[in-house]
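Data first, discussion second: the structure below is written as structure tokens.
Computed from heavy atoms alone, side chains included, the values below leave out hydrogens, waters and symmetry copies. Treat the numbers as computed from the prediction; the structure is a model and nothing was measured.
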Amino acid sequence: MDAELKVGKETLLNINSLEYEWIRGLSKDGNPPEEINKVIQRCLGGNTTVANTMRQVAIKQCSVHELLPLLNQR
């Protein structure tokens, strides 16, 4: 699945956005990373790499600035 992202750059840059809070909640609930990535893709769009990076940003495993180059490749 490689759908266009349904959220804008401003939202993605805001680590406190509702979307990142939602992803953190999925992680705190004990969902496996692969399942979270699939849900991100289904609900917010993007490819597997973008979804995985968004998950990592949400749980503070990487910087939001690592996500931006992935968005510019589209």
[X] [atom1] to [Y] [atom2] distance, which is reported to the nearest 0.5 Å:
X: L12; Y: E19; atom1: CG; atom2: CD; value: 8.0 Å
X: N52; Y: E34; atom1: CG; atom2: CD; value: 8.5 Å
X: L13; Y: N16; atom1: CG; atom2: CG; value: 12.0 Å
X: S17; Y: E10; atom1: OG; atom2: CD; value: 10.5 Å
X: Q56; Y: N37; atom1: CD; atom2: CG; value: 8.0 Å

Which heavy atom of [X] sits nearest to which heavy atom of [Y], and what is that distance?
X: M54; Y: L5; result: SD-CD2, 4.3 Å
X: L70; Y: T53; result: CD1-OG1, 3.3 Å
X: Y20; Y: T11; result: CE1-O, 3.9 Å
X: L44; Y: V7; result: CD2-CG1, 4.1 Å
X: I40; Y: R55; result: CD1-CB, 4.0 Å

Self-check item: Q41 side chain to G46 backbone, donor-acceptor under 3.5 Å
Solution: yes
Quiz item: Do side-chain atoms of N31 reach the backbone of L26 as a donor and acceptor pair under 3.5 angstrom?
Solution: yes
Quiz item: In terms of hydrophobic clusters joined by side-chain contacts under 4.5 Å, are I59 and L68 together?
Solution: no
Quiz item: Same cluster or not: are W22 and I36 linked, directly or through other Ile, Leu, Val, Met, Phe, Trp or Tyr residues, by side-chain heavy atoms under 4.5 angstrom apart?
Solution: yes
Self-check item: Stepwise side-chain contact (heavy atoms from CB on, under 4.5 Å) test for V64 and V57
Solution: CA-CA 6 Å; V64 69; V57 168; 4.0 Å; yes
